[in-house]
Each structure stands twice: as structure tokens, then as C-alpha cells.
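Residue numbers start at 1 and run along the sequence shown. All values reported here derive from a predicted model rather than from experimental measurement.
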Amino acid sequence: MKVEVDLAKCTGHGICESIAEDVFEVQDDGTVVIHDAERPESDRDRMQQAVTQCPAAALKLTD
């Protein structure tokens, strides 16, 4: 599973970072960097929560 960000949609709210600070990092300019985008299946619930709670709908999961 891979988590991706659409930087054109991302508004830098940081909700994803609060859910998984080891995966998402909001930069000073408001863009999100994803560390280790390839995630183990055991992270699916947490990544799905980040995708669902993103107010800009900028995140997605792919298998």
C-alpha cells in the first residue's frame, strides 16, 4: 500500500501529521512531505484515517 499527496490540493492543515507524525511532515511553506510512502498493511487503518480526515482531500491510498 502506498500513500500519496496531491500538492495542488494540500493546504497544510497538518491533520495528517497529527495522526502519523512519523509518516507526514508539514514544511514551513505548508506543503506535506511523506516519509516512506510505501506502508505496511499494518498501517492501513492509520493511513485511512489520515486520508479521510484531510480537509482538502489531498491524500489517497493505492494498493
Please name the pair of heavy atoms, one in [X] and one in [Y], separated by the smallest distance, quoted to 0.1 Å.
X: Met1; Y: Glu41; result: CE-CA, 4.3 Å
X: Phe24; Y: Cys16; result: CD1-O, 3.3 Å
X: Gly14; Y: Val26; result: CA-CG2, 3.6 Å
X: Leu7; Y: Val32; result: CD2-O, 3.7 Å

Qualifying salt bridge (charged side-chain N to carboxylate O under 4.0 Å, His left out) pairs, either residue in residues 5-20, two or more places apart
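Qualifying pairs: none.
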Show which side-chain atoms of residues 52-63 pair as donor or acceptor with protein atoms under 3.5 Å away, not counting sequence neighbours.
{"residue": "Thr52", "atom": "OG1", "partner": "Gln48", "partner atom": "O", "Å": "2.8"}
{"residue": "Thr52", "atom": "OG1", "partner": "Gln48", "partner atom": "NE2", "Å": "3.3"}
{"residue": "Asp63", "atom": "OD1", "partner": "Arg44", "partner atom": "NH2", "Å": "2.5"}

Partners of Lys2 by salt bridge (Lys or Arg N to Asp or Glu O under 4.0 Å), sequence neighbours excluded?
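With sequence neighbours excluded, Lys2 shows a salt bridge (Lys or Arg N to Asp or Glu O under 4.0 Å) to no residue whatsoever.
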Is it true that, when you exclude Glu4 itself, more than 12 heavy atoms of the residues, nucleotides or ligands shown sit nearer than 6.0 Å to its CD?
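Enclosed.
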Could you list the residues that satisfy side-chain hydrogen bond (donor to acceptor under 3.5 Å, both in side chains) with [X], not counting sequence neighbours?
X: Asp28; answer: none
X: Asp22; answer: Arg46
X: Ser18; answer: none

Evaluation steps, side-chain contact (heavy atoms from CB on, under 4.5 Å), between Asp36 and Val23
CA-CA 7 Å; Asp36 300 319; Val23 179; over 6 Å; no
Can you hop from Val5 to Val51 via hydrophobic side chains spaced under 4.5 Å?
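Yes, same cluster.
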